[in-house]
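Following: one structure in structure tokens, then a few remarks.
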Amino acid sequence: MSSEHNILLEAGTNELEVLELFLNHRTDTGQQACYLGVNVAKVMQVIEAPALDSPESATDPCFMGIIPLRGLTVPVLDLGKWLGLDVVRHKHDVIMVTQFSGTTTGFLVSGVTDIHRVGWQSVQPPGRFLAGIGADSVVGIVKMDDKFIQLVDLEHIIADLDASTRGQVGTGVTAPRRYKAIVSDDSPSIRNMLVANLKAANIEPMIATNGQEALTMLRAEAARAEEENRPLSDFVDILISDIEMPLMDGLSLTKTIKQDPLTRNVPVILYSSLITPELRHKGESVGADDQISKPDLASMAQRIISLLQEKERPA
């Protein structure tokens, strides 16, 4: 990766940096490359791939074994196998080492090509035209020059391999009254988990699949409140949002909400696999009221209740 790309993106610009990688695979018409992308912020480094063979004891055929790296024991997954591609292996294959949600994982790929800075507004939700790759594994599509790059949902892959992360529901907390929350996330599995979590805690979720949709929903409620001469909190108590989403990311969504006099008092909780002590300042800079790392999503209902009760407490 060239040093010219090692620039920290400012929060709220609705941009991300994508590491482009490829998988050489066989098709009915011959060999071709499948181009994929991942958020650079999740990539620790790219290294040459040692000789790896999936151990007989592997619980999933995409598990290729472990490698030592910087004092860590890193599991390596065959990304092509996971995506259901008939991958062509080569001695120049590489391992993309990622770090997010408190885990370090290696992904075996054919190679990496470049880093692109793109706007989330140019990232389209995955459509039915995807060939050979399930939509659950892709968060969006971006056109780059003469090809389409499919952004891979690495969190979905890790969560699907780790049964302990599935179906997390809160720990029996209950809101003192029925709160209403806009929930913005492009992942159906995460949305389903959050809906179960919030409903169990007496919090009514209103679902948006990306930041732009959530903003439209919130503005519609604000217009309704103004028309009826009522506080916006009669219609929406809080907004919670993932950070990485097509069309508009959670940081840009939060920045827009907090800059609008009609919506700025709505509390916002951001969550992401990228919320770390080093990157927490990004959410703070756009005015997020709280931030939660994805491994801690089961605590969402408790965090919502605590935040709203704190704001409702007389000064």
Side-chain angles (χ1 to χ4, degrees), residues 9-16 118-127 139-142 175 177-188 190-192 194-195 197-199 201-272 274-275 282-292 297 300-301 303-305 307-312:
L9 291 173
E10 293 182 12
T13 62
N14 206 35
E15 292 180 308
L16 78 157
V118 301
W120 275 109
Q121 70 275 9
S122 66
V123 179
Q124 299 301 313
V139 295
I141 310 293
V142 59
R177 64 174 177 83
R178 191 157 186 80
Y179 291 133
K180 295 176 287 294
I182 292 177
V183 178
S184 182
D185 199 303
D186 61 313
S187 167
I190 295 294
R191 288 199 306 268
N192 291 340
L194 285 171
V195 165
N197 189 315
L198 300 187
K199 284 184 175 180
N202 196 31
I203 301 170
E204 178 186 344
M206 297 176 281
I207 303 301
T209 59
N210 58 67
Q212 186 61 61
E213 188 177 324
L215 182 61
T216 299
M217 187 181 295
L218 179 60
R219 283 176 169 170
E221 297 296 344
R224 180 183 169 195
E226 192 172 37
E227 181 181 342
E228 298 182 16
N229 196 27
R230 295 165 61 186
L232 180 53
S233 57
D234 281 359
F235 304 95
V236 179
D237 290 289
I238 194 166
L239 183 145
I240 65 175
S241 177
D242 188 14
I243 288 182
E244 295 180 274
M245 296 179 292
L247 303 180
M248 176 181 282
D249 68 13
L251 294 170
S252 296
L253 171 63
T254 305
K255 184 177 181 179
T256 303
I257 290 171
K258 295 300 184 179
Q259 289 179 341
D260 187 337
L262 294 178
T263 59
R264 65 187 177 195
N265 291 326
V266 175
V268 176
I269 296 179
L270 292 175
Y271 58 89
S272 172
L274 294 175
I275 291 177
K282 289 193 172 187
E284 294 171 349
S285 71
V286 295
D289 296 87
D290 196 2
Q291 300 179 73
I292 301 177
L297 275 184
M300 177 64 78
R303 300 279 278 269
I304 289 174
I305 294 169
L307 177 59
L308 291 179
Q309 288 186 322
E310 177 65 27
K311 288 186 174 293
E312 292 170 353

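What you see below is based on every heavy atom in this structure, not just the backbone, and it leaves out hydrogens, waters and symmetry mates.
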For [X], all residues meeting salt bridge (charged side-chain N to carboxylate O under 4.0 Å, His left out), sequence neighbours excluded:
{"X": "Asp242", "value": "Lys294"}
{"X": "Lys199", "value": "none"}
{"X": "Glu228", "value": "Arg224, Arg230"}

In this structure, are over 12 heavy atoms from other groups packed under 6.0 Å from Glu226 atom CD?
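Incorrect, the count does not exceed 12.
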
Ignoring hydrogens and angles, tell me if any N or O in the side chain of [X] forms a donor-acceptor pair with the backbone of [Y] under 3.5 Å.
{"X": "Asp249", "Y": "Glu244", "result": "no"}
{"X": "Ser122", "Y": "Gly119", "result": "yes"}
{"X": "Asp185", "Y": "Ile207", "result": "no"}
{"X": "Lys258", "Y": "Val266", "result": "yes"}

Do you know the tightest heavy-atom contact between [X] and [Y]?
{"X": "Ile203", "Y": "Ala181", "answer": "CG2-CB, 3.9 Å"}
{"X": "Arg191", "Y": "Ala208", "answer": "CD-O, 4.1 Å"}
{"X": "Pro267", "Y": "Leu308", "answer": "CG-CD2, 3.9 Å"}

Got [X] and [Y] here, is their nearest side-chain heavy-atom distance under 4.5 Å?
{"X": "Tyr271", "Y": "Ile190", "result": "yes"}
{"X": "Leu270", "Y": "Lys282", "result": "no"}
{"X": "Ile269", "Y": "Ile292", "result": "yes"}
{"X": "Val123", "Y": "Val139", "result": "no"}
{"X": "Ser252", "Y": "Lys255", "result": "no"}
{"X": "Thr254", "Y": "Ser241", "result": "no"}
{"X": "Val236", "Y": "Lys180", "result": "no"}

Step-by-step salt bridge (charged side-chain N to carboxylate O under 4.0 Å, His left out) determination, Arg177 to Asp237:
CA-CA 11 Å; Arg177 64 174 177 83; Asp237 290 289; 2.9 Å; yes

Using the test side chain to side chain contact (heavy atoms under 4.5 Å, CB included), find all partners of Pro231 that sit at least two apart in sequence or belong to another chain.
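If we apply the side chain to side chain contact (heavy atoms under 4.5 Å, CB included) test to Pro231, skipping adjacent residues, the hits are Ser233, Asp234.
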
What pairs with Thr263 under side-chain hydrogen bond (donor to acceptor under 3.5 Å, both in side chains), at least two apart in sequence or on another chain?
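side-chain hydrogen bond (donor to acceptor under 3.5 Å, both in side chains) check on Thr263 returns nothing, list empty.
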
Please tabulate, for the side chains in residues 211-220, all donor-acceptor contacts under 3.5 angstrom to protein atoms that are two or more places apart in sequence or on a different chain.
from, atom 1, to, atom 2, distance (Å)
Glu213, OE1, Thr209, OG1, 2.7
Thr216, OG1, Gln212, O, 3.1

